[in-house]
Amino acid sequence: MTVRPFYTFLLSTAAAMTMSAAAQAQEASPGPEAEATETTATPAEATAPEALPASGDSAEPELVITGSRLSSRGFNQPTPTTTITLDDIQKAAQPNLFATIRQLPSLLGSSGRTTRVNSTSSGQQGLSSFSLRGLGEVRTLTLLDGQRVTPANFIGVPDISQFPQLLVERVDVVTGGASASYGSDAVGGVVNFITNKRFEGVRANLLTGITTYGDDKNVTAQLAWGGKLADDRLHIQVSGEYGYEQGLPHGDFGVSGGVNGRDWYNAAAFLTRPNSATVDGRPKYFYIEGAQQYQYAKFGLINSGPLQGTAFGANGVPFQFQYGSNGVPLGNGQVSGCFSPFCVGGDLSGQIGESPSIASRIERMVGYSRAGYDIDARTEVFATVTLARVLSRNFPNMGAERPSLTIQCDNAFLPASIRTACAANNITSFGFGTSTGQFPDPIKVNTKRDQQRYVLGINGRFDTGATEWRYDAYGAYGISDIAVDVSDISLQPHFNAAIDAVAGPNGTIVCRSAVARAAGCVPFNVFGDVQNSAEAFAYVIPENGPRQRSKQEQTVVAFNVTGEPFSSWAGPVALAFGIEGREEKYRTTADPYGNGIGPASPTSALYPADPLLNTTIGNNWYAGNYKSGKGRYGVREAYAEVNFPFLKSEMLGEANLNAAIRVTDYSTSGTVEAWKIGGVWETPIDGLRFRAVTSRDVRAPNLSELFAAQIVTNATVIYRGNSINVQNRATGNTDLDPEIARNTEVGVVLSNPGWLPGFSASFDYYDIKIGNAIIALSNQQIVDLCEAGSQDQCAKVLLDSPIPGTNYVEVSAFNAANIKTRGFDIELSYRMPLSGVGLPGTFTLRALGTHVIEYVTDPDVIGAIPTDTAGVNGLVGGGTIPDWKALFTQSWDTDKFSLNISERFVSDGVYSNEWIECQTNCPVATNQHPTVDDNSMDGALYVDIGGSYNLTEQVSAYFRVDNVFNKDPEPNPLTGVGPGINPFLYDVLGRVFRLGVRATF
């Protein structure tokens, strides 16, 4: 589908309709009402009104509600919405607004600067994006003033750090499907940032902070101005923001006592036994601390053969490695008393689990401006410009673990004693592993995300007969440039050639390979704590590391109309309808060493041709997948929504029916429909109402799933009982269809009843089922499906090629899985004046909690079983969806000062719901249901405290202490080496102090 002509059609249609509307405007007053009327929404209330210019003489303002496209008097939507007000934002006192919103219980699995810190090539390091209901960032739609924003990468999610945050007046979080109103991705819900479009004056904020360990120093400086010009017709808002969060430094090798004193790292892991060994009635997994991988040591370890257990230390001197668990090397790569890959204790100096940075360094610069001009009292044209840059840095790990090297016994760097031992044992080579402690610096990943976003629009009112209609139209163009640069990372073919060194002429040492020597190979001594030359390091770790450049573009045009064309016996009927067109596209180029040589990634002076490198598929760097690719798709859609009041009675109360439908055409997958139907019953009981809604929601595949460039790696699969080597060819799939979800919510609300003024409460049950969910199978699952007779999967494999090295398995995302999650939300608030007890001000209690009953994913493929990740706190089993997540706040507010306390709660959980906990008499473990000696993981309760004091009417000082009691994160063991923490659920920074001053003039 060609989308450009459709955009032209939409723009011309919108222009014609808005010009007609402007021509109908008869009033000549300077413009719409200058200031929005402040509204107060309790957290339990379903509506979050955005104040709009008054319409005629109506005393009751019209409301714009994030969960709906309708603007109507007295409309309560059926979809639950939690509102974070400006007061909530200020009390949280966070350097990034994302951190405030992320605390909401319904947001499960959101990313941030403490996640993905050990990644090298994802481009998501330091990216802040929301995940509602644990359904992932790709199933949560984030809006700015009701408009889609430019994605920060080709996965299609935005970076909240690039939003203009000082002018945000509130944030609406819709915890239910909203695809019928807003389109694709709103399966888990919508997060909508609402800015103050009529702000006048000056607003400033200066915030600084530091952890109790003296690190992660941060500063935030924000300034905004708003004013009126041209006889009060022109309204301008301008804001600029700078934020710097230092992040945490990288750790070190071994178990060093923690970064800057964080002594909670204990090298927790799971000791793993084969399923066949569990016939003894003991578990497959054992929780251990002091996990030591026995395949390598900091400066090298012979890990197989008759010399197994020989390590290398200062000046390359061999010594007997100290295995944990009283282990003894068996000469075959195994160690008695230990199970792959761990022993317990012993020489932990080569352990790298503590070395990744815990939090990325972030530097954000955001400029934003909005200009709105009132053509007349009923029509405004506006334009917004956002310019943002976010820089992040993270350290994936120290050194570079390599457990599977082969060393020749004639290596010139080997001590004479080892060469003699080789001869005595009649061997010419041995297995070797190292975490390359000789490397002086950790790998550094620098990511830069630049965004430009331009919006031009018009909104206003026009009449057709007795009906007044409100409309808005806008066109938006945004571009994100993402640059990933990695340094201090080794080039794998150079490393392999450099460590394979032999004696050369005149007592020199040279690289064994003549081809490598001719290409400039410099030998590198990998045996022991030794000094290598600068030339050797420059050859193994070149100055120009992996490089990836991406450009993400989004074009959106939309036109929306809402009004009340007629009334029923119970009140005005509200109608909204609109059209939208959107184009998404990306292009990524990578360096030739990572991508392979091609038109998009040619060799150059920075990356010269090299005969040792794989020029076809690339993958020459130690870690990461740096590939070139491109893709685009177009969307055109239309929707309609109606609110029909059908009951208005003193005896029975009031009730309305809300329904919407949206038809969307994707250039890649055709047409799909989304709809919703729900209602609200305002009972005759004071403050009590019921609400219910069910919807059909959609998520279209993103650019990454559709057009990801092919990544080729070596792998092994089992085919017809034999182990064979294959190329694992992972790529996008342009045949993907949209995911289809069914979302149902039923709730009850008690809002400020006369018998208990100031109290509000809500309870909402939700049930979400996603069919046709997009998943990616493993290469082994694809082979198993082919053997079972799936011709679709057999078309993706070649497993019996007579030519060595040409067997392959093509791996890509496809529609197969089913996801089901259900649970309930509880929100409570109580606000009371303190004058009755002789104190000034008011006291407010607020509680929000989410309980997830189940979260079941059924891959619907051979060899896989449905898994439930609700209540799983450990990353090994999912680790983003606790049984309970809650936020409690208590606040005392006066005209002079405020004091607030909050508690963040995560309930106890398990490592995996599929594991069976036992110590003795255990059943034989299976891959689907392994056994473990301890399947419990403690939750956490974090206490925060803050307050503010008004120095003058315009200036206030404030403070905040997060994690007052400096509670450590719970150990998060894995079956391999890792940092041992779960940053999605637990605080990993420790106690944080913040102090700031804000002013409004």
Side-chain angles (χ1 to χ4, degrees), residues 118-123 125 249-250 352 355-357 360-361 363 391-402 434-448 481-501 509-511 513 515-526 530-550 588-598 600-615 617-628:
N118 58 347
S119 171
T120 57
S121 60
S122 70
Q125 302 90 330
H250 60 83
I352 63 168
S355 64
S357 50
S360 296
R361 186 185 74 185
E363 188 174 13
L391 307 174
S392 72
R393 168 178 282 191
N394 65 296
F395 304 92
N397 60 265
M398 292 289 293
E401 71 276 20
R402 293 178 170 88
T434 178
S435 50
T436 330
Q438 297 90 351
F439 288 1
D441 297 304
I443 298 172
K444 299 180 185 67
V445 182
N446 292 289
T447 305
K448 179 175 69 173
D481 289 303
I482 304 101
V484 179
D485 290 278
V486 185
S487 60
D488 296 300
I489 188 171
S490 56
L491 198 57
Q492 195 66 20
H494 280 199
F495 177 84
N496 293 338
I499 67 171
D500 189 15
I509 297 177
V510 298
C511 300
S513 166
V515 174
R517 291 198 303 272
C521 180
V522 180
F524 188 93
N525 187 353
V526 76
V530 295
Q531 293 295 321
N532 281 281
S533 66
E535 293 77 12
F537 277 115
Y539 180 74
V540 172
I541 307 174
E543 179 181 359
N544 298 304
R547 179 175 296 181
Q548 189 166 276
R549 300 289 182 267
S550 299
T588 296
T589 58
D591 68 273
Y593 295 176
N595 180 70
I597 298 174
S601 53
T603 56
S604 64
L606 299 179
Y607 300 94
D610 191 310
L612 268 64
L613 305 185
N614 188 318
T615 60
I617 64 173
N619 296 346
N620 292 292
W621 298 106
Y622 163 72
N625 291 301
Y626 311 92
K627 299 296 176 181
S628 300

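Quick caveat, the model's predicted, so the values are computed rather than measured. Sequence positions, counted from 1, serve as the residue numbers for this chain. Only heavy atoms go into these numbers, but all of them, side chains included; no hydrogens, no water, no symmetry mates.
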Legend entry - Side-chain donor or acceptor of Thr436 paired with backbone N/O of Gly399 under 3.5 Å: no
Inset, instruction - For the pair Arg402 and Val526, evaluate side chain to side chain contact (heavy atoms under 4.5 Å, CB included) and give the outcome as yes or no after the intermediate values. - result: CA-CA 11 Å; Arg402 293 178 170 88; Val526 76; over 6 Å; no
Inset, instruction - Any chance you could measure Phe495, atom CZ, to Phe439, atom CZ, to the nearest 0.5 Å? - result: 5.0 Å
Legend entry - Rounded distance [0.5 Å steps], CG in Asn620 versus CG in Asn614: 6.0 Å
Legend entry - Nearest heavy atoms of Ala519 and Asp610, plus distance in Å: CB-OD1, 4.5 Å
Inset, instruction - Using a 4.5 Å cut-off on heavy atoms from C-beta on, say whether the side chain of Asn397 contacts that of Asn118. - result: no
Inset, instruction - Nearest 0.5 Å please: distance from the CH2 atom of Trp621 over to the CZ atom of Arg547. - result: 10.0 Å
Inset, instruction - Quick one: closest heavy-atom pair of Pro523 and Ile509, and the distance? - result: CG-O, 3.3 Å
Inset, instruction - Identify the two heavy atoms, one from Ile489 and one from Tyr622, that lie closest to each other, and give their separation to 0.1 Å. - result: CG1-CB, 4.0 Å
Inset, instruction - Considering non-hydrogen atoms only, spot the tightest contact between Ala498 and Ala501 and give its length. - result: O-CB, 4.1 Å
Inset, instruction - Could you tell me whether the side chain of Ser357 and the main chain of Ser360 form a donor-acceptor pair under 3.5 Å? - result: no
Inset, instruction - Mind listing the closest non-hydrogen atom pair of Pro493 and Leu612 along with its distance? - result: CB-O, 3.7 Å
Legend entry - Atom pair CD1 (Ile541) and CZ (Phe524), whose distance is rounded to the nearest 0.5 Å: 6.5 Å
Legend entry - For the student: nearest non-hydrogen atoms of Gly437 and Thr434, plus distance: N-OG1, 4.5 Å
Inset, instruction - Look only at the side chain of Asn595 and the backbone of Ser628, and say whether a donor-acceptor pair between them is shorter than 3.5 Å. - result: yes
Legend entry - Flag side-chain contact, heavy atom, 4.5 Å: Pro442 against Met398: yes
Inset, instruction - For residues Tyr626 and Thr120, determine if any side-chain heavy atom of one lies less than 4.5 Å from a side-chain heavy atom of the other. - result: yes
Inset, instruction - Calculate, to the nearest 0.5 Å, the distance between atoms NZ and CZ belonging to Lys444 and Arg361 respectively. - result: 10.5 Å
Inset, instruction - Please check if the side chain of Ser121 supplies one atom and the backbone of Asn625 the other of a donor-acceptor pair under 3.5 Å. - result: yes
Legend entry - Sidechain-backbone polar pair: Arg549 side chain, Thr589 backbone, donor-acceptor under 3.5 Å: no
Inset, instruction - Answer yes when Asp485 and Arg393 have at least one side-chain N-carboxylate O distance shorter than 4.0 Å, and no when they do not. - result: no
Inset, instruction - With Thr603 as reference, evaluate Asp591, Leu613, Thr615, Ile597 under the side chain to side chain contact (heavy atoms under 4.5 Å, CB included) test and give the passing residue. - result: Ile597
Legend entry - Donor-acceptor contact below 3.5 Å, side chain Ser601 vs main chain Gly596: yes
Legend entry - Side chain Gln125, main chain Ser119, donor-acceptor under 3.5 Å: yes
Legend entry - Residue pair Tyr593 / Asn544, side-chain heavy-atom distance below 4.5 Å: no
Legend entry - Donor-acceptor contact present, side-chain Tyr607 to main-chain Pro546, <3.5 Å: no
Inset, instruction - Find out whether Leu391 and Lys448 are in side-chain contact, i.e. whether some heavy atom of one side chain is under 4.5 Å from a heavy atom of the other. - result: yes
Inset, instruction - Drop me the distance from Ile499's CD1 to Gln438's CD, to the nearest 0.5 angstrom. - result: 10.0 Å
Inset, instruction - State, yes or no, whether a side-chain contact exists between Cys521 and Tyr539 at a heavy-atom distance under 4.5 Å. - result: yes
Inset, instruction - Side-chain contact test, heavy atoms from C-beta onward, threshold under 4.5 Å: evaluate it for Lys627 versus Asn619 and give yes or no. - result: yes
Inset, instruction - Say whether, by atom type as modelled, one donor and one acceptor occur between the side chain of Thr447 and the main chain of Val484 under 3.5 angstrom. - result: no
Inset, instruction - Could you check if a side-chain atom of Pro396 sits within less than 4.5 angstrom of a side-chain atom of Pro356, using non-hydrogen atoms only? - result: no
